[in-house]
There are 2 protein chains.
Amino acid sequence: MSLYTAPPSTRERIVLVTARLIQRQGYVGTSIKQIAKEAQATLGSVYHFFPGGKETVAVAAIKHGAKEFALLLEDALRREDDPAAAIEACAADLAVGLRESGWTDGCPVTAAALETLGTDSDIQRACADALRAWEHIVAEKLLASGFTAEDAAEVATTVISTLEGAEVTAQVSRSEEPLRAAGRQLARLLRTYRA
Amino acid sequence: MSLYTAPPSTRERIVLVTARLIQRQGYVGTSIKQIAKEAQATLGSVYHFFPGGKETVAVAAIKHGAKEFALLLEDALRREDDPAAAIEACAADLAVGLRESGWTDGCPVTAAALETLGTDSDIQRACADALRAWEHIVAEKLLASGFTAEDAAEVATTVISTLEGAEVTAQVSRSEEPLRAAGRQLARLLRTYRA
DNA sequence: ACAGCTCTAGAACGAGCGCTCTATTTAGTG
DNA sequence: CACTAAATAGAGCGCTCGTTCTAGAGCTGT
């Protein structure tokens, strides 16, 4: 990685802005015109890069957000040897990021998923893929720490669900505490599996 | 309670329909005209009962949904003496309800909260109130089971967060498993607090 | 009979939606 | 320099949004 990162391309700006807007206002609440304006692009550019229209832009943004959280997760899990401590650190990272954004920049996957529930759309698929990928990352760490395959899968699912829910709770109550509490309780839970 | 329940009034139908639509499509994705049509009312009736417009209808619907889940929670906690078993049963109840609705009828509070994040609106306040009320119900049960005040508060917050998150995960993956897993893991966590 | 309510009914308004379309500018290649 | 494809630019289309407004229907008390 170079010291001087290239300025983001128009396409990248569109994706980044869309991800942020979905975090804050949801999928339905975000218009293509607003995306174009905030990305300093024009309507023509947006439809040039995403001929599939609004849904295509959203899918790209959700995949971007999914990868972003996956990196945060992998980072925390690599820094700490103990998975319990790693998950607690991860929750703390989320809490700090949330506070710094004024409690607005949550998880674009959750937001978009809830608005497109019965739809069988690409958005739903992208959200389901993201959740599965995150669970897989956690499960791998647990397996490496001596968990059985069944325990790892069930605990990983619960870890992701709890982090998701605690993030929403933290946003609504505008406090780090729900995420901090979830981190501590998840750590306690993981430690009950020690040999 | 009589055997013959009165047919719901126009006002009640509006609130019930709105709650269901918010569950499925979110707040922004639900229009007043759709509410009127599905509630078999007219626009005039909606604005007659809710002069404050869309937001007022949504607040009433959210409060209704909040009370509904509070009753489910209190019911499960009353049925079981052991709080761990009670929370697990609660998760199972949610899983069954979700499957029976075709994975569409989740939590209107979460859905509405995420779409109105930075807004300082009555909707945000209603969602925050709902979460606090649910946590309080769980905390009371834990206190009655011998938890310290601090433990009860922190665990109750985590229980609600986990149930919220697991419900979303279950909806996206169209499976009862995330909620079942969350129930089992929460039960395991609660049992670590036994004297 | 009639006034005075609550409730129902839906047309109409301005604003904004997603998207299409035609131009025009920019960048890359021989 | 000439030619082409990529990218930018935004006016305009049909439609739906939330809301307002006027008009009528149903009921009660006098």
Side-chain angles (χ1 to χ4, degrees), chain A residues 6-22 24-62 108 111-112 115-116 118-124 126, chain B residues 6-62 108 111-112 114-116 118-124 126:
Chain A
S9 69
T10 301
R11 201 199 136 97
E12 286 169 335
R13 288 201 313 274
I14 292 170
V15 172
L16 287 170
V17 161
T18 305
R20 204 183 58 216
L21 289 177
I22 289 180
R24 299 184 179 176
Q25 328 170 346
Y27 169 65
V28 183
T30 299
S31 78
I32 299 260
K33 280 170 183 166
Q34 187 185 9
I35 290 170
K37 177 177 278 185
E38 301 214 3
Q40 306 206 69
T42 62
L43 217 49
S45 298
V46 176
Y47 278 95
H48 169 74
F49 289 110
F50 300 95
K54 185 180 180 181
E55 187 173 336
T56 321
V57 186
V59 168
I62 288 165
E115 291 181 285
T116 57
T119 61
D120 208 46
S121 59
D122 289 340
I123 294 182
Q124 275 293 294
Chain B
S9 69
T10 301
R11 201 200 137 96
E12 286 169 336
R13 288 200 315 273
I14 291 171
V15 171
L16 287 170
V17 161
T18 305
R20 204 183 60 218
L21 289 177
I22 289 180
Q23 285 175 327
R24 298 184 179 175
Q25 328 170 348
Y27 169 65
V28 184
T30 298
S31 77
I32 299 257
K33 279 169 185 167
Q34 187 184 10
I35 290 170
K37 178 177 276 184
E38 302 212 5
Q40 306 205 70
T42 61
L43 262 178
S45 299
V46 177
Y47 278 93
H48 169 75
F49 289 111
F50 300 94
K54 186 181 181 181
E55 187 173 337
T56 320
V57 186
V59 168
I62 288 165
L114 280 177
E115 292 180 284
T116 57
T119 60
D120 207 48
S121 60
D122 288 341
I123 294 183
Q124 275 292 297

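Letters go in sequence order (proteins before strands), and every chain restarts at 1. Quick note: numbers below take in every heavy atom, side chains included, and nothing from hydrogens, waters or symmetry partners.
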A.B. asks: Side-chain contact test, heavy atoms from C-beta onward, threshold under 4.5 Å: evaluate it for A:Ile32 versus A:Tyr47 and give yes or no.
C.D. replies: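 SC-SC contact between A:Ile32 and A:Tyr47 confirmed.
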
A.B. asks: Heavy atoms only, 4.0 Å cut-off, all strands: where does B:Gly53 land among base, sugar-phosphate and nothing?
C.D. replies: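 Sugar-phosphate contact only - B:Gly53 comes under 4.0 Å of backbone atoms but never of a base.
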
A.B. asks: Which of these nucleotides, D:dG10, D:dT8, D:dT19, is closest to any side-chain atom of B:Leu43?
C.D. replies: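 The answer is D:dT19.
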
A.B. asks: Answer yes or no: does a side-chain N or O of B:Ser31 lie under 4.0 Å from OP1 or OP2 of D:dC17?
C.D. replies: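 For D:dC17, OP1/OP2 do have a side-chain N/O of B:Ser31 under 4.0 Å.
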
A.B. asks: Can you check the A:Leu21 CG to C:dG18 C1' distance for me, whole Å?
C.D. replies: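 Value for this atom pair: 16 Å.
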
A.B. asks: Round to a whole Å and report the spacing from CD1 of A:Ile32 to C1' of D:dT16.
C.D. replies: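 Result: 17 Å.
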
A.B. asks: Separation of B:Gln40 atom CD from C:dC7 atom C1', in whole Å?
C.D. replies: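 Taking CD of B:Gln40 and C1' of C:dC7, I get 16 Å after rounding.
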
A.B. asks: Is B:Ile14 close to B:Thr10 at the side-chain level, that is, under 4.5 Å between some pair of heavy atoms?
C.D. replies: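 They are in side-chain contact.
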
A.B. asks: Could you state the atom-to-atom distance from CZ of A:Phe49 to C1' of D:dA6 in whole Å?
C.D. replies: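 Going from A:Phe49 (CZ) to D:dA6 (C1'), I get 8 Å.
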
A.B. asks: NA contact type, B:Ser9, heavy-atom cut-off 4.0 Å: base, sugar-phosphate, or nothing?
C.D. replies: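 B:Ser9: no heavy atom of the nucleic acid under 4.0 Å.
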
A.B. asks: Measure CD1/A:Ile35 against P/D:dG10 and give the value in whole Å, please.
C.D. replies: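 Atom-to-atom, A:Ile35 to D:dG10, this comes out as 18 Å.
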
A.B. asks: OP1, OP2 of D:dT8 versus side-chain N and O of A:His48: anything below 4.0 Å?
C.D. replies: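 Result: no.
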
A.B. asks: Taking only N and O in the side chain of B:Thr42, is any of them less than 4.0 Å away from OP1 or OP2 of C:dG10?
C.D. replies: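 Answer no for this pair, as no side-chain N or O of B:Thr42 is under 4.0 Å from OP1 or OP2.
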
A.B. asks: Would you check if there is a donor-acceptor pair between the side chains of B:Gln124 and B:Thr116 at a distance under 3.5 Å?
C.D. replies: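 Side chains of B:Thr116 and B:Gln124: pair found under 3.5 Å.
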
A.B. asks: Measure the distance from NZ on A:Lys37 to C1' on D:dA9 and round it to the nearest whole Å.
C.D. replies: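 In whole Å, D:dA9 C1' and A:Lys37 NZ are 15 Å from each other.
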
A.B. asks: Is B:Arg20 paired with B:Glu38 through a side-chain N to carboxylate O contact shorter than 4.0 Å?
C.D. replies: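 Salt bridge: yes.
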
A.B. asks: Indicate whether OP1 or OP2 belonging to D:dT8 is found under 4.0 Å from a side-chain N or O atom of A:Thr10.
C.D. replies: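 Yes, such a contact exists.
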
A.B. asks: What's the CD-P distance between A:Gln25 and C:dC17, to the nearest Å?
C.D. replies: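 It is 10 Å, rounded to the nearest whole Å.
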
A.B. asks: How close or far is atom C1' of D:dC17 from atom OH of B:Tyr47, stated in whole angstroms?
C.D. replies: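 Those two atoms, OH and C1', are 9 Å apart.
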
A.B. asks: If you find the nucleotide of DNA chain C closest to B:Arg13 and the one closest to A:Gly52, which residue's nucleotide is nearer the 5' end?
C.D. replies: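 The residue whose closest nucleotide sits nearer the 5' end is B:Arg13.
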
A.B. asks: Counting only heavy atoms not in A:Gln40, do more than 12 sit closer than 6.0 Å to its CD atom?
C.D. replies: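 No, not enclosed.
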
